[in-house]
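Let me begin by presenting the structure, written as structure tokens, before commenting on it.
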Amino acid sequence: MILLDRVTKTYNRKSTALDRISLHVEPKEFVIVVGQSGAGKSTLLKLLTREERQTSGKIIVGGIDYDKLKDKDIPLLRRKIGVVFQDFKLLPNRTVFENVAFALEIVGMGNREIRHTVPKVLDIVNLKGKEKRMPLELSGGERQRVAIARAIVRQPKILIADEPTGNLDPKHAWDVIAVLEKINRYGTTVLLTTHNQEVVNKLKRRVVTIEHGQIVSDRAKAAYNA
Ligand code: ADP
């Protein structure tokens with residue numbers, strides 16, 4: 001699903017954000033990426049969403065070779081990859097329903113289908129009944145689950161969650177993690193970055209550790225349990 005082969009990213013001559021990273025993520029895998037601030041986690045995610053381009057090396061996601069990707073193909077790529085951020089990035093003046101619907105409106109889906117699709121996705125993230133709330137009327141955990149609903153409503157193959165629990169207290173963090181696990185069970189590949197050691201320990205998933213732009217450990221679930 002995701003293949004990186006000796007990928008290097010330098011922003012300028014002084015700093016190498018990623019240094020010959022190789023990583024293979026299978027379809028339906030759940031991978032946690034950890035590392036200190038400045039290690040290169042965000043850069044890795046930005047390369048996958050094509051917000052940044054690699055300096056060298058090969059990136060293939062869902063069969064798409066990023067070297068051959070044209071600008072006009074980028075919207076299509078972004079439909080394959082849903083993204084969730086630490087600070088939610090919801091539209092503050094729109095309801096929960098409208099925030100999720102917006103992701104469908106911009107790809108031209110009709111109203112009837114939107115009315116059919118959005119409640120199903122809100123159900124998955126356990127926000128049934130909150131359709132008419134405004135983001136400010138929700139807890140942080142609920143807001144993050146709206147953001148997840150918006151990220152998955154177009155059924156991406158991959159969900160990237162960049163520190164999704166960074167602003168949340170433990171109870172709400174676990175609600176969010178539980179939703180990520182559910183989405184993964186339904187068949188979506190999940191890539192999660194986190195600083196939260198408890199999340200890492202409890203999830204018992206593959207953990208990739210980045211330090212100074214290099215992968216210094218890649219522990220599979222089996223090894224993790226041992
Ligand atoms: P993390 O997400 O693990 O905190 P980043 O990927 O943001 O790490 O950063 C990795 C390295 O790349 C850091 O040294 C950071 O200063 C540098 N870096 C990140 N973004 C830029 C940028 N836009 N321009 C220059 N340097 C950057």
Side-chain angles (χ1 to χ4, degrees), residues 1-25 29-62 64 66-67 69 71 74 77-78 80-90 140-141 143-144 147-148 150-151 156 158-170 172-173 176-177 180 183-184 188-203 205-220 224:
M1 179 58 62
I2 299 173
L3 192 76
L4 283 90
D5 185 21
R6 286 163 289 171
V7 170
T8 292
K9 171 70 185 174
T10 51
Y11 288 101
N12 51 49
R13 259 175 292 158
K14 283 201 197 99
S15 81
T16 301
L18 290 178
D19 185 10
R20 281 167 297 156
I21 288 233
S22 293
L23 179 69
H24 183 200
V25 178
E29 239 188 304
F30 190 127
V31 180
I32 308 172
V33 179
V34 299
Q36 301 279 324
S37 182
K41 304 180 297 297
S42 301
T43 300
L44 170 65
L45 302 185
K46 283 179 187 161
L47 292 179
L48 294 175
T49 55
R50 190 64 166 203
E51 232 178 288
E52 295 285 350
R53 294 180 76 145
Q54 77 265 35
T55 309
S56 63
K58 202 154 204 55
I59 303 179
I60 300 175
V61 175
I64 300 174
Y66 281 24
D67 286 332
L69 200 62
D71 283 349
I74 291 175
L77 173 79
R78 298 233 166 105
K80 287 184 190 253
I81 306 177
V83 188
V84 178
F85 306 93
Q86 180 169 355
D87 59 356
F88 323 132
K89 297 195 197 297
L90 298 178
R143 279 182 223 168
Q144 190 57 289
I148 294 173
R150 181 184 55 187
I158 301 166
L159 179 64
I160 289 178
D162 191 7
E163 289 277 354
T165 61
N167 286 335
L168 305 179
D169 58 43
H172 289 124
V176 165
I177 295 294
L180 293 179
I183 290 163
N184 178 246
T188 306
T189 307
V190 176
L191 215 64
L192 163 72
T193 73
T194 183
H195 270 105
N196 188 329
Q197 193 56 43
E198 208 190 325
V199 166
V200 176
N201 293 341
K202 280 200 184 156
L203 270 178
R205 300 290 191 147
R206 179 177 170 192
V207 181
V208 172
T209 307
I210 302 184
E211 267 176 33
H212 305 300
Q214 293 184 321
I215 293 179
V216 294
S217 101
D218 186 347
R219 275 186 302 181
Y224 200 73

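One-based numbering, in listed order, for ligands and for the atoms of each.
- Side-chain atoms of Gln144 come within 3.5 Å of backbone atoms of Phe85 as a donor-acceptor pair (strictly under, hydrogens ignored).
- Remark: atom 15 (C) of ligand 1 lies closer than 4.0 Å to no protein heavy atom.
- For ligand 1, one of its N or O atoms has an N or O atom of Lys41 under 3.5 Å away.
- Ligand 1 places these atoms under 4.0 Å from at least one heavy atom of Ala39: 1 (P), 3 (O), 8 (O).
- Ranking protein heavy atoms by distance to atom 27 (C) of ligand 1, first place goes to Tyr11 CD1, 3.1 Å.
- Residue Glu52 places every heavy atom at 4.0 Å or more from ligand 1.
- Taking each heavy atom of Lys41 and Val34 in turn, the nearest pair found is CD-C, 3.8 Å.
- A 6.0 Å sphere centred on CZ of Arg78 holds more than 12 heavy atoms belonging to other residues, nucleotides or ligands.
- Remark: His24 NE2 is packed, more than 12 non-hydrogen atoms of other residues, nucleotides or ligands lying under 6.0 Å away.
- Applying the 6.0 Å contact sphere to CG of Asn12 captures more than 12 heavy atoms from other residues, nucleotides or ligands.
- With a 4.0 Å heavy-atom cut-off, ligand 1 is reached by no atom of Lys46.
- A distance-only check finds no donor-acceptor pair linking the side chain of Gln36 to the backbone of Glu211 [under 3.5 Å].
- Across Gly213, Ser42, Gly38, heavy-atom proximity to atom 10 (C) of ligand 1 is greatest for Gly38.
- Here the rule is side chain to side chain donor-acceptor pair (under 3.5 Å) with Asn167, and of His172, Gln86, Arg143 only Gln86 fits it.
- Distances below 4.0 Å separate heavy atoms of Gln36 from the following atoms of ligand 1: 3 (O).
- Using a distance-only test at 3.5 Å, with no hydrogens or angles considered, a donor-acceptor pair links the side chain of Thr193 to the main chain of Glu163.
- Among all non-hydrogen protein atoms, the one lying nearest atom 8 (O) of ligand 1 is Gly40 N, 3.1 Å.
- The shortest contact between atom 12 (O) of ligand 1 and any protein heavy atom is with Ala17 CB, 3.3 Å.
- In terms of protein heavy-atom proximity, atom 6 (O) of ligand 1 is closest to Thr43 OG1, 2.5 Å.
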